[in-house]
Amino acid sequence: QVQLVESGGTLVQAGGSLRLSCSASGRTFSSYIMGWFRQAPGKEREFVTAISWYGDSTYYADSVKGRFTISRDKAKNTVYLQMNSLKPEDTAVYYCAARLGGSYYYLRPNEYDYWGQGTQVTVSS
(Lines give C-alpha, C1' and ligand atoms only; values in the text may rest on other atoms or scores of the structure.)
Protein backbone atom coordinates (compact mmCIF):
# COMPACT_ATOMS: atom_id res chain seq x y z
CA GLN A 1 0.00 0.00 0.00
CA VAL A 2 1.10 3.53 -0.80
CA GLN A 3 0.12 6.80 0.86
CA LEU A 4 0.39 10.01 -1.17
CA VAL A 5 0.24 13.59 0.10
CA GLU A 6 0.28 16.61 -2.21
CA SER A 7 1.35 20.11 -1.21
CA GLY A 8 2.19 23.47 -2.76
CA GLY A 9 -1.12 24.53 -4.30
CA THR A 10 -2.09 28.19 -3.96
CA LEU A 11 -3.37 31.27 -5.79
CA VAL A 12 -1.02 32.53 -8.50
CA GLN A 13 -1.25 35.13 -11.26
CA ALA A 14 -1.28 34.18 -14.93
CA GLY A 15 2.25 33.84 -16.26
CA GLY A 16 3.60 32.88 -12.86
CA SER A 17 5.18 29.67 -11.62
CA LEU A 18 4.40 27.12 -8.94
CA ARG A 19 5.89 23.85 -7.74
CA LEU A 20 3.79 21.03 -6.36
CA SER A 21 5.16 18.17 -4.29
CA CYS A 22 3.90 14.64 -3.78
CA SER A 23 5.35 12.73 -0.85
CA ALA A 24 5.01 8.95 -0.90
CA SER A 25 5.09 6.74 2.18
CA GLY A 26 4.21 3.23 3.19
CA ARG A 27 4.92 0.25 0.98
CA THR A 28 6.56 1.65 -2.14
CA PHE A 29 8.38 -0.06 -5.00
CA SER A 30 10.82 1.02 -7.67
CA SER A 31 8.44 -0.26 -10.35
CA TYR A 32 5.74 2.33 -9.53
CA ILE A 33 4.71 4.91 -12.09
CA MET A 34 3.88 8.32 -10.63
CA GLY A 35 1.38 10.61 -12.31
CA TRP A 36 -0.30 13.98 -11.93
CA PHE A 37 -3.95 14.55 -12.79
CA ARG A 38 -6.14 17.61 -12.44
CA GLN A 39 -9.85 18.27 -12.17
CA ALA A 40 -11.50 21.63 -12.81
CA PRO A 41 -15.02 22.46 -11.56
CA GLY A 42 -17.61 20.64 -13.65
CA LYS A 43 -14.96 18.81 -15.68
CA GLU A 44 -13.61 15.27 -15.90
CA ARG A 45 -10.38 14.40 -14.17
CA GLU A 46 -7.66 14.69 -16.82
CA PHE A 47 -4.11 13.43 -17.20
CA VAL A 48 -1.30 15.96 -16.85
CA THR A 49 1.99 14.06 -16.74
CA ALA A 50 3.69 10.89 -15.50
CA ILE A 51 7.16 9.57 -14.71
CA SER A 52 8.62 6.15 -14.02
CA TRP A 53 9.92 5.82 -10.46
CA TYR A 54 12.93 3.82 -11.59
CA GLY A 55 14.04 5.88 -14.59
CA ASP A 56 13.82 9.14 -16.49
CA SER A 57 10.92 8.29 -18.82
CA THR A 58 8.25 11.01 -18.84
CA TYR A 59 5.06 11.81 -20.71
CA TYR A 60 3.05 15.05 -20.91
CA ALA A 61 -0.40 16.05 -22.01
CA ASP A 62 -0.30 18.37 -25.02
CA SER A 63 -1.93 21.14 -22.99
CA VAL A 64 1.05 21.40 -20.61
CA LYS A 65 4.00 20.22 -22.69
CA GLY A 66 6.75 22.83 -22.67
CA ARG A 67 5.34 24.54 -19.58
CA PHE A 68 5.21 21.81 -16.92
CA THR A 69 8.02 19.52 -15.79
CA ILE A 70 7.72 16.38 -13.69
CA SER A 71 10.67 15.10 -11.67
CA ARG A 72 11.37 12.81 -8.74
CA ASP A 73 13.79 12.44 -5.86
CA LYS A 74 14.09 8.75 -5.06
CA ALA A 75 15.96 9.34 -1.80
CA LYS A 76 13.14 11.57 -0.51
CA ASN A 77 10.31 9.47 -1.99
CA THR A 78 8.97 12.65 -3.53
CA VAL A 79 7.66 13.62 -6.97
CA TYR A 80 7.49 17.24 -8.10
CA LEU A 81 5.46 19.15 -10.65
CA GLN A 82 7.08 22.41 -11.76
CA MET A 83 4.49 24.61 -13.46
CA ASN A 84 5.61 27.64 -15.47
CA SER A 85 3.75 30.16 -17.65
CA LEU A 86 0.52 29.34 -15.85
CA LYS A 87 -2.78 30.10 -17.53
CA PRO A 88 -6.29 30.54 -16.07
CA GLU A 89 -7.29 27.24 -17.71
CA ASP A 90 -4.73 25.50 -15.48
CA THR A 91 -6.99 26.20 -12.49
CA ALA A 92 -7.95 22.87 -10.93
CA VAL A 93 -7.44 20.52 -8.03
CA TYR A 94 -4.21 18.65 -8.75
CA TYR A 95 -3.90 15.01 -7.70
CA CYS A 96 -0.87 12.79 -7.33
CA ALA A 97 -1.37 9.15 -8.33
CA ALA A 98 0.62 5.91 -8.38
CA ARG A 99 0.40 2.81 -10.56
CA LEU A 100 2.24 -0.45 -9.95
CA GLY A 101 4.08 -1.75 -12.99
CA GLY A 102 3.63 -1.31 -16.72
CA SER A 103 4.89 1.41 -19.02
CA TYR A 104 5.01 5.12 -18.13
CA TYR A 105 2.29 6.42 -20.46
CA TYR A 106 -0.97 5.43 -18.70
CA LEU A 107 -3.47 8.25 -19.23
CA ARG A 108 -6.70 7.22 -17.51
CA PRO A 109 -7.55 7.64 -13.80
CA ASN A 110 -8.74 4.02 -13.51
CA GLU A 111 -5.27 2.84 -14.54
CA TYR A 112 -3.79 4.14 -11.28
CA ASP A 113 -4.00 2.40 -7.92
CA TYR A 114 -3.36 5.06 -5.28
CA TRP A 115 -4.35 8.71 -4.95
CA GLY A 116 -3.62 11.72 -2.79
CA GLN A 117 -6.28 14.10 -1.49
CA GLY A 118 -5.44 16.83 -3.99
CA THR A 119 -4.20 20.41 -3.75
CA GLN A 120 -5.95 23.47 -5.18
CA VAL A 121 -4.22 25.58 -7.83
CA THR A 122 -5.96 28.79 -8.84
CA VAL A 123 -4.57 30.96 -11.65
CA SER A 124 -5.97 34.49 -11.87
CA SER A 125 -6.00 36.51 -15.09
Side-chain angles (χ1 to χ4, degrees):
Q1 299 294 312
V2 177
Q3 295 169 296
L4 306 174
V5 179
E6 306 96 333
S7 63
T10 189
L11 173 66
V12 62
Q13 294 183 354
S17 298
L18 195 63
R19 190 180 78 162
L20 306 183
S21 298
C22 174
S23 297
S25 62
R27 190 176 181 182
T28 58
F29 304 93
S30 61
S31 61
Y32 269 76
I33 296 168
M34 303 300 299
W36 286 97
F37 287 75
R38 65 186 183 185
Q39 188 166 24
K43 302 294 184 181
E44 297 287 325
R45 188 169 299 188
E46 66 173 348
F47 174 83
V48 177
T49 182
I51 188 171
S52 62
W53 188 253
Y54 49 85
D56 296 325
S57 298
T58 59
Y59 187 82
Y60 296 90
D62 289 341
S63 59
V64 306
K65 191 173 183 179
R67 299 188 298 120
F68 291 11
T69 303
I70 188 172
S71 61
R72 79 279 187 274
D73 187 328
K74 295 180 180 179
K76 296 181 178 180
N77 291 323
T78 301
V79 178
Y80 304 96
L81 180 63
Q82 179 66 46
M83 303 183 291
N84 299 325
S85 302
L86 283 163
K87 305 174 181 179
E89 52 262 44
D90 294 319
T91 295
V93 176
Y94 283 72
Y95 297 91
C96 179
R99 172 189 166 87
L100 179 60
S103 301
Y104 66 89
Y105 48 80
Y106 295 92
L107 309 178
R108 298 175 176 82
N110 62 8
E111 294 177 310
Y112 289 77
D113 303 300
Y114 305 102
W115 294 85
Q117 292 297 313
T119 185
Q120 176 71 49
V121 173
T122 302
V123 184
S124 62
S125 60

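- Atoms OH and OG, from Y32 and S52 in turn, are 15.0 Å apart once rounded to the nearest 0.5 Å.
- The closest side-chain heavy-atom distance from S63 to R38 is below 4.5 Å.
- Note on ring orientation: taking the six-membered ring where Trp is involved, the planes of Y59 and F47 are tilted (angle from 30° to 60°).
- Both L107 and Y95 belong to a single network of hydrophobic side chains, linked directly or stepwise wherever heavy atoms of I, L, V, M, F, W or Y lie under 4.5 Å apart.
- Counting only heavy atoms from C-beta outward, the side chains of M83 and V121 approach each other to under 4.5 Å.
- Following chains of ILVMFWY side-chain contacts shorter than 4.5 Å, one can reach Y105 starting from F37, so the two form part of one hydrophobic cluster.
- The backbone N or O of I33 lies less than 3.5 Å from no partner atom in the side chain of Y112, so there is not a single donor-acceptor pair.
- Looking only at side-chain heavy atoms (C-beta outward), M34 and L4 come within less than 4.5 Å of each other.
- Between the side chain of D113 and the backbone N or O of L100 there is at least one donor-acceptor pair closer than 3.5 Å.
- Taking CZ from R45 and CZ from R108, the interatomic distance works out to 15.5 Å, rounded to the nearest 0.5 Å.
- Counting only distance, with no hydrogens or angles, the side chain of E6 and the backbone of G118 share a donor-acceptor pair below 3.5 Å.
- Residues F68 and T49 are not in side-chain contact: their nearest non-hydrogen atoms beyond the backbone lie 4.5 Å or more apart.
- Annotation: cation-pi geometry satisfied between R19 and Y80 (NZ/CZ under 6.0 angstrom from ring centroid, within 45° of ring axis).
- Between the OG atom of S7 and the CD atom of Q117 there is a distance of 13.5 Å, given to the nearest 0.5 Å.
- A donor-acceptor contact shorter than 3.5 Å links the side chain of T91 to the backbone of V123.
- Of all non-hydrogen atoms in V48 and V64, the two that sit nearest each other are O-CG2, 3.6 Å.
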